[in-house]
2 protein chains.
Amino acid sequence: MHLAELSRRSGVSVPSIKFYLREGLVPPGTPVSARKAEYSEDHVRRLRLVRAMLTIGKMSVAQARDVLAVAEDPAFTRHERLGAAQYMLPPHVEAPPQDSEERVVWDEIRGLILDELRRLGWRFLDTAPALDVLTQSVATLVGLGYDAPVEDFRRYAAAIRPMAEAEYATIALYEQIEEALEATVAYTVLVEPILLALRRLAHEDVSSRLRHGTGDEPAP
Amino acid sequence: MHLAELSRRSGVSVPSIKFYLREGLVPPGTPVSARKAEYSEDHVRRLRLVRAMLTIGKMSVAQARDVLAVAEDPAFTRHERLGAAQYMLPPHVEAPPQDSEERVVWDEIRGLILDELRRLGWRFLDTAPALDVLTQSVATLVGLGYDAPVEDFRRYAAAIRPMAEAEYATIALYEQIEEALEATVAYTVLVEPILLALRRLAHEDVSSRLRHGTGDEPAP
DNA sequence: CCGCCAAGGATAGTTGAACTATCCTTGGCG
DNA sequence: CGCCAAGGATAGTTCAACTATCCTTGGCGG
């Protein structure tokens, strides 16, 4: 198909597709002649993924480009691609505080988190960006005067572990099929809002029960 | 304290504080004379919260203003404020697809989700924005050619429910203390990245075990 | 063979958000 | 009485993400 049809199929305007091509978010079509390029079904999928990364994942164009680049770099093994893509996905902490006093608090919180997760037997690199995100969130919470939710923490971790196992299996399944190299990215970006939305609905349910709790039994 | 000191204490530049004052993200100080205003410790807290909403929560200035406005509007009861603030927090779905074919898929997915959650006994309004976010994410996943994760869904919901109960209790505790009106906002915005970061670390752990699984036992 | 013409690519312009710098007003104080 | 800095108002800047315009190119009809 040509640019015009790709635009129609994907719901992205022609100038925007050109922009994404320029930025390297979408691979160029195969040139069928010097002034015509042929686009495939993969391009439609890719455009949809890009839109999801930008709108749902709130990623910048630059971030999306970098993530997609490693996610499909044949120089890496599938496992490496998976890890590298995940490490590049936002959110990220720009830089830990330089201010010495804040830095002490930061390091202390990071240490506590690390200990707690190691105690659970979790294995990951000390350089995992998610660790810094965790530290930042907890540090901010503490800075606002709230207690660090350490016991909640253990509960969160225990609840999340089995989910991650199931998800990993699903992703690995799709990764076997070579056509779905971007499964990691799609699952990471799109399952996250699902989890958060469920959490909010659960809050609403809890709140509703406590307020106008009728004769119904609480959920198991 | 004066503007200059507020800036120092909060780590936000003076022009930015002025900007936030103008935009209504921070309440004005109490004017001690015509050219001097006194800012309190609450202003420091508020500025930190605002920065967290903008940087960690990736909210826009307008969204932050609206959320904070309802979160402390004395015209609402505590319970109403809680719900209203949560409903206004991002992410949001701008508009369901108008295209008739896509719209059918959308409604179908929305119906499936609603059925599933009702079957679990969850109570919430049909207008909850989180429902649309859920629908959008699942619809996008389906549009990319992945299966809708319905059985994972049940697992997610079951795992999240007890977390939500514990969190609600914590938030309610802080809400009792009148000085922490923004507890809902702080917890929603700051605990979400914690959950997502834990999920990513769990993925890394699972991946690491499957790859170079040593003699260690898998985590319970 | 020559020139037309549209697809596709290059270039510059637009828009909106989030600051940021400058100017202006004001009243306490020497 | 006039200086002067805090604080507020106004306009300017920067950056990302598009978006519109022009330009190049080569197949093809005359």
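- Applying the ring pair (Phe, Tyr, Trp, His ring centres under 6.0 Å) test to residues at least two apart or on different chains, the pairs with a partner in residues 40-69 of chain B are B/Tyr39-B/His43.
- For B/Glu38 and D/dA6, the CD to C1' distance is 13 Å, given to the nearest whole Å.
- Of the candidates C/dT20, C/dG8, D/dG7, the closest approach to any side-chain atom of A/Lys18 belongs to C/dG8.
- Atom CE in B/Met1 sits roughly 16 Å away from atom P in D/dA6 (whole-Å rounding).
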Atom pairs, N/O to N/O, protein against nucleotides 15-18 of chain C, distance under 3.5 Å?
residue: C/dA18; atom: OP1; partner: B/Val61; partner atom: N; Å: 3.3
residue: C/dA18; atom: OP2; partner: B/Val61; partner atom: N; Å: 3.3

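- Rounded to an integer number of Å, the gap from B/Glu5 CD to D/dG7 C1' is 16 Å.
- For the side chain to side chain contact (heavy atoms under 4.5 Å, CB included) test, no residue two or more places apart in sequence or in another chain qualifies with B/Ala4.
- Within the structure, the salt bridge (charged side-chain N to carboxylate O under 4.0 Å, His left out) test picks out the following pairs touching residues 10-23 of chain A (sequence neighbours left out): A/Glu23-A/Arg65.
- Separating the CD1 atom of B/Ile17 from the P atom of C/dA21 is a distance of 14 Å, rounded to the nearest angstrom.
- Atom CD in A/Glu23 sits roughly 10 Å away from atom P in D/dA16 (whole-Å rounding).
- In this structure, B/Glu204 contributes its side chain and A/Leu125 its backbone to a donor-acceptor pair below 3.5 Å.
- Remark: C1' of D/dC18 and CZ of A/Arg22 are 9 Å apart, rounded to the nearest angstrom.
- For the pair B/Leu47 CG and C/dC19 P, the interatomic distance rounds to 12 Å; values are reported in whole Å.
- A/Leu3 has its CG atom 15 Å from the P atom of D/dT19, to the nearest Å.
- With sequence neighbours left out, A/Tyr87 forms a ring-ring contact (aromatic ring centres under 6.0 Å, His included) with no residue at all.
- Scanning for side chain to side chain contact (heavy atoms under 4.5 Å, CB included) contacts around B/Val142 gives B/Ile109, B/Val138, B/Ala148, with sequence neighbours left out.
- Salt bridge present: B/Arg46 and B/Glu72 bring a charged side-chain N and a carboxylate O closer than 4.0 Å.
- Looking at residues two or more places apart in sequence or on another chain, you find no ring-ring contact (aromatic ring centres under 6.0 Å, His included) involving A/Tyr156.
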- Bracket string, DNA chain C, 5' to 3' - pairs by Watson-Crick or G-U geometry under 3.5 Å, | interstrand: ||||||||||||||||||||||||||||||
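- Here B/Ser13 does not reach the OP1 or OP2 of C/dC19: none of its side-chain N or O atoms lies under 4.0 Å away.
- Considering only the side chain of A/Ala37, C/dG8 comes nearest among C/dG8, D/dG7, D/dA20.
- Among residues at least two apart or in separate chains, salt bridge (charged side-chain N to carboxylate O under 4.0 Å, His left out) pairs with a member in residues 193-202 of chain B are A/Glu167-B/Arg199, A/Glu192-B/Arg199, A/Glu192-B/Arg200.
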